J.: 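First the structure, then my questions, so here it is.
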Amino acid sequence: MMAILLTPVILSFVVLAAHFLRQGLPLIPWIVLLAPFLLVTRQAWATRVLQAVLVLGALEWVRTAVTLIRLRIAIGEPWGRMAIILGCVALVTAASAVALQHRKFLPKPKRG
């Protein structure tokens, strides 16, 4: 069960790191790639940080899609397939943030 929940999360971080590397940002991909290791701490704050990064990542994909759609329209290139692909990437990234809401990723409440 944990592997099923974790797979899209890890893939989202890897694809996001590749995106930032492609943008020429040398430090950010390393931070993004190492971020999932926060789950080892099993702390609620770590899960929330990762969820925030994934939500921001989904927004980055939407921003990138809008930018590329505008560019392709301006130069008369087809843009529909690219929009669908980036839209799916944004959805998977956002869904990964939701997957981290599962009780397996949150610490167990302490008993009295």
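Please read all numbers here as calculations on a predicted model, not as lab measurements. Residue numbers start at 1 and run along the sequence shown.
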J.: Show me the donor-acceptor pairs, under 3.5 Å and distance only, between side chains in residues 11-34 and residues at least two apart or in other chains.
T.:
residue, atom, partner, partner atom, Å
Ser12, OG, Pro8, O, 2.8
Ser12, OG, Ser96, OG, 2.9
His19, NE2, Glu60, OE2, 2.8
His19, NE2, Thr64, OG1, 3.4

J.: Pairs of donor and acceptor atoms involving the side chains of residues 68-94, under 3.5 Å and at least two apart or interchain, shall be tabulated with distances.
T.:
residue, atom, partner, partner atom, Å
Arg72, NH1, Pro78, O, 2.7
Thr93, OG1, Val89, O, 2.8

J.: Determine whether Ile10 and Trp61 fall in the same hydrophobic cluster, where Ile, Leu, Val, Met, Phe, Trp and Tyr are linked whenever their side-chain heavy atoms lie under 4.5 Å apart.
T.: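 They do share one cluster, since a chain of ILVMFWY contacts under 4.5 Å joins Ile10 to Trp61.
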J.: When hydrophobic residues are tied together by side-chain contacts of less than 4.5 Å, even through go-betweens, does Val49 share a cluster with Val40?
T.: no
J.: Consider only side-chain heavy atoms of I, L, V, M, F, W and Y, link residues closer than 4.5 Å, and tell whether Leu59 and Leu100 are in one cluster.
T.: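 Looking at the clustering, Leu100 is in a separate group from Leu59.
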J.: Under 4.5 Å side-chain heavy-atom separation, chaining through any Ile, Leu, Val, Met, Phe, Trp or Tyr, what else clusters with Ile4? Say none if it is isolated.
T.: none
J.: Looking only at the side chains, is there a donor atom on one of Gln43 and Arg48 sitting less than 3.5 Å from an acceptor on the other?
T.: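 No - no donor-acceptor pair under 3.5 Å links their side chains.
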